[in-house]
*Asks:* 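Please see the structure below; I have some questions.
In what follows, residues are counted from 1 in the order of the sequence shown.
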Amino acid sequence: MKQISDADDLRLPIPANVIAYEQRQPVLARFLIGQILGVSAGVLVGGLVGGLAADAHQWRLPFLLGAAIFLLVGLGLLALNRRLPPHARTVRPIAGGAVRHMLAEFGHIAALPWARLVLLTAFLEGGLRYGPFAVIASHLHARHGMSLALAGAVIMLFGVGGFAFAMGSKAMLRRLGEGGLARLACWPWRSIFRTACG
């Protein structure tokens, strides 16, 4: 089910192309709500469906469920595409093969130092965010005798803080501004990253 949550990151450029800059932060916060709920539900449902499939000796069940979810999301995105403003639906024709064009675009992005830093940060963030889930759940199960279902529910709690931020982001942005919001997010890490946090 994690693959489904990873698809959320592929939709991040849509608000940038469609939403005015002044309104973008609250829209991204609402997007974050969906992502948090999707990841949390994926952890919970993935464990549940995986357990049920293992008990029933039906290894294909999680894959069929994932395919059904992708189909529904794809149909939803096609419906959304019809409602987008014309500038957001602009398609640029490419010369040559699609793979060659894609690799050239990747090369162009990789040549930019700032883009490399952003990609490295996203890679590390993904590993540091999702990597500990299995270890924490296994630790809670092995060390504290917690059932795997309950350990999975504990892992879901990581989304509570993000959900609270997403729900209050519009008011916080209005009160603190972008710079204040960035300083607030950076505050717990000041002792480690003094220069980055000001």
*Asks:* Within this structure, what is the CG-OG1 distance for the pair Leu128 and Thr121, rounded to the nearest 0.5 Å?
*Replies:* 10.5 Å
*Asks:* Can you hop from Leu103 to Ile109 via hydrophobic side chains spaced under 4.5 Å?
*Replies:* no
*Asks:* State the CZ-CG distance between Phe70 and Leu65, to the nearest 0.5 angstrom.
*Replies:* 11.0 Å
*Asks:* For Pro132 versus Gly127, what's the shortest heavy-atom pair and its separation?
*Replies:*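 Where Pro132 meets Gly127 most closely, the heavy atoms are CD-O, 3.7 Å.
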*Asks:* Enter the distance from Leu77:CG to Leu72:CG here, rounded to the nearest 0.5 Å.
*Replies:*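 Result: 11.0 Å between the selected atoms.
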*Asks:* Is there a chain of hydrophobic side chains (I, L, V, M, F, W, Y, each step under 4.5 Å between heavy atoms) that links Met146 to Ile136?
*Replies:* yes
*Asks:* Count the heavy atoms of every other residue, nucleotide or ligand shown that sit under 6.0 Å from CZ of Arg100, and state whether that count exceeds 12.
*Replies:*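 For Arg100, atom CZ is not crowded (no more than 12 foreign heavy atoms under 6.0 Å).
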*Asks:* How long is the span from the CD atom in Glu105 to the NE2 atom in His108, to the nearest 0.5 Å?
*Replies:*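 Answer rounded to 0.5 Å: 7.0 Å.
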